[in-house]
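Contents: one structure, followed by commentary.
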Amino acid sequence: MYGERRVVGGLESAFEHARGGDVDAWESVYLLCRPTLFSFARLRLATHEQAEDAVSETVARAIGSADRYRPGRSGVIGWLIGINRNVVREMYRAGSRTTTVAEVRDDPFDHGPRPEDEVLRQVEHRTIREAFRQLSDEEQTVLELRVIAGLDSEAVAELMGKGAGAIRMAQSRALNHVRTLVQGQL
Amino acid sequence: MNDDELYERLEGGLRQTPPPVDPARVARVRALAEQAAAARSSERAAVLAPPVASVTELHPRRSMLLAVAAGVVGVVAGGTAVAVTRNDDDGPDLPLEAIALDGVPVGVIASASVVDHTWGMELLLDVEGLSVGERFEVVYVSKGGERVGVGGFVGAEVPIRCRNTSPLMRADAATVEVVDATGAVVMSSMLV
């Protein structure tokens, strides 16, 4: 059962082995990056299946261009996110998206709190996603790279080809924008 | 609500747990990895054989060689001439000057050289991974700040090889930029 499969080592280590031609390591790379890439893709694509397709295509492209990876501040996950963004953009243009982020259902695979808490949680998540949808593309990107990928300002700056100071300011502006949009609702 | 609390709520709202792993998708990853490993082995053997002499010879095989050469060319500092030449109407053996590209988006592979012609400057740009269908323009910026558009291209699924020329002389050029349709700089190189 893959859901219970234990992957030994982190993404960086797995990728180093993978680019050396280790097939098992490529499987580990896929399993390790999948949660993050899936979240990115799912925010912009209509279905879980399409988001899964985007993750698979991203890893397929990574396999084809692994020799050209150059380590940077954002690491392997940053490189993969960059590929993923292109893949999602292409799928989006091809008409894959039929929903907005506010319509993304709360996680059907996350069996968390009690039903009454779950209702409150879903309302909060929906409010957050609705606010997120109203942000500009850049605001969305700087926030999701931080909260989903966990990248610091320097890594986000590298990914977006900007200075770290500019990214910190952009994150602060985006956060204030969200705060304004959700005011009184959370 | 402070910033940390808001970030936490954003994470809760935006992060999605993927469905259970589909073994068929894993099998596809493994199959692709096996194919890539086999292809790289034979590619290395083919690339190591012939010597690199000139861009004229290089061009037909450039995309294949780039995979191997990118690591070398990519780290050459801006303005440093490399031992690659090309024949041209200016005469034989014009030196190609490899230039370092800054700000190359993650997921994009790009390398570039310029040629100092008697009539101006030529840019040789190899790039892949840019958004398919998106328009890009190449701009030279002179040391006096003048911006000279020298052509453009559209992102494609295959590696793109561009040549852009301008009467702006190499000695007068300060920067080469690739900009997107909004004018935002996608990647650039400061010429020294």
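Throughout, a chain's letter reflects where its sequence line sits, starting with A, and its residues are numbered from 1.
- Residue pairs meeting the ring-ring contact (aromatic ring centres under 6.0 Å, His included) criterion with at least one member in residues 11-40 of chain B, sequence neighbours excluded, do not occur.
- To the nearest 0.5 Å, the span separating OG1 on Thr58(A) from CG on Leu37(A) amounts to 5.5 Å.
- Linking ILVMFWY residues whenever their side-chain heavy atoms come closer than 4.5 Å, directly or via other members, places Val150(B) and Ile160(B) in the same cluster.
- Interface summary for chain A: among Arg25(B), Gln35(B), Glu11(B), the most heavy-atom pairs under 4.5 angstrom belong to Arg25(B).
- For chain B, no part of Arg85(A) is nearby; none of its heavy atoms comes within less than 4.5 Å.
- In this structure, His177(A) places its NE2 atom where more than 12 heavy-atom neighbours from other residues, nucleotides or ligands lie under 6.0 Å away.
- Proximity to chain B (any heavy atom under 4.5 Å) is shown, for Val23(A), by both the backbone and the side chain.
- With a 4.5 Å cut-off on non-hydrogen atoms, Ala66(A) touches chain B through its backbone and its side chain both.
- Interface check for chain A: of the options Pro105(B), Gly107(B), Ser188(B), the most heavy-atom pairs under 4.5 Å are formed by Gly107(B).
- The salt bridge (Lys or Arg N to Asp or Glu O under 4.0 Å) check on Glu124(A) picks up Arg9(B), with sequence neighbours excluded.
- Only the backbone of Ser65(A) has a heavy atom closer than 4.5 Å to any heavy atom of chain B.
- Looking at Leu143(A), the atoms closer than 4.5 Å to chain B (heavy atoms on both sides) all sit in the side chain, from C-beta outward.
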Requested in this report: Could you walk me through whether Tyr30(A) and Val26(B) pass side chain to side chain contact (heavy atoms under 4.5 Å, CB included), step by step?
Outcome: CA-CA 8 Å; Tyr30(A) 171 70; Val26(B) 176; 3.8 Å; yes
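- Crowding of Asp137(A) atom CG: a count of heavy atoms from other residues, nucleotides or ligands under 6.0 Å not exceeding 12.
- Contact of Asp53(A) with chain B is made through backbone and side chain together, with heavy-atom distances under 4.5 Å.
- Taking 4.5 Å as the heavy-atom cut-off, the residues of residues 130-140 of chain B that approach chain A are Ser131(B), Val132(B), Glu134(B), ordered by number.
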Query raised in the report: For Arg73(A) and Glu158(A), what are the C-alpha separation, side-chain angles and deciding distance, and is it a salt bridge (Lys or Arg N to Asp or Glu O under 4.0 Å)?
Result: CA-CA 7 Å; Arg73(A) 175 89 189 193; Glu158(A) 179 192 82; over 6 Å; no
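- Interface remark: of the candidates Met187(B), Arg28(B), Glu8(B), Arg28(B) forms the most heavy-atom pairs closer than 4.5 Å to chain A.
- The residue from Asp126(B), Ile99(B), Val104(B), Val127(B) that alone fulfils the side chain to side chain contact (heavy atoms under 4.5 Å, CB included) condition with Ser111(B) is Asp126(B).
- Residue Gln183(A) does not touch chain B at all, counting heavy-atom pairs closer than 4.5 Å.
- Pairs of residues two or more places apart, or lying in two chains, that qualify as ring-ring contact (aromatic ring centres under 6.0 Å, His included) and include a residue from residues 49-83 of chain A are Phe15(A)-Tyr69(A), Phe15(A)-Trp79(A), Tyr69(A)-Trp79(A).
- For the pair Arg170(B)/Val114(B), a side-chain contact is recorded, criterion being any heavy-atom separation below 4.5 Å from C-beta on.
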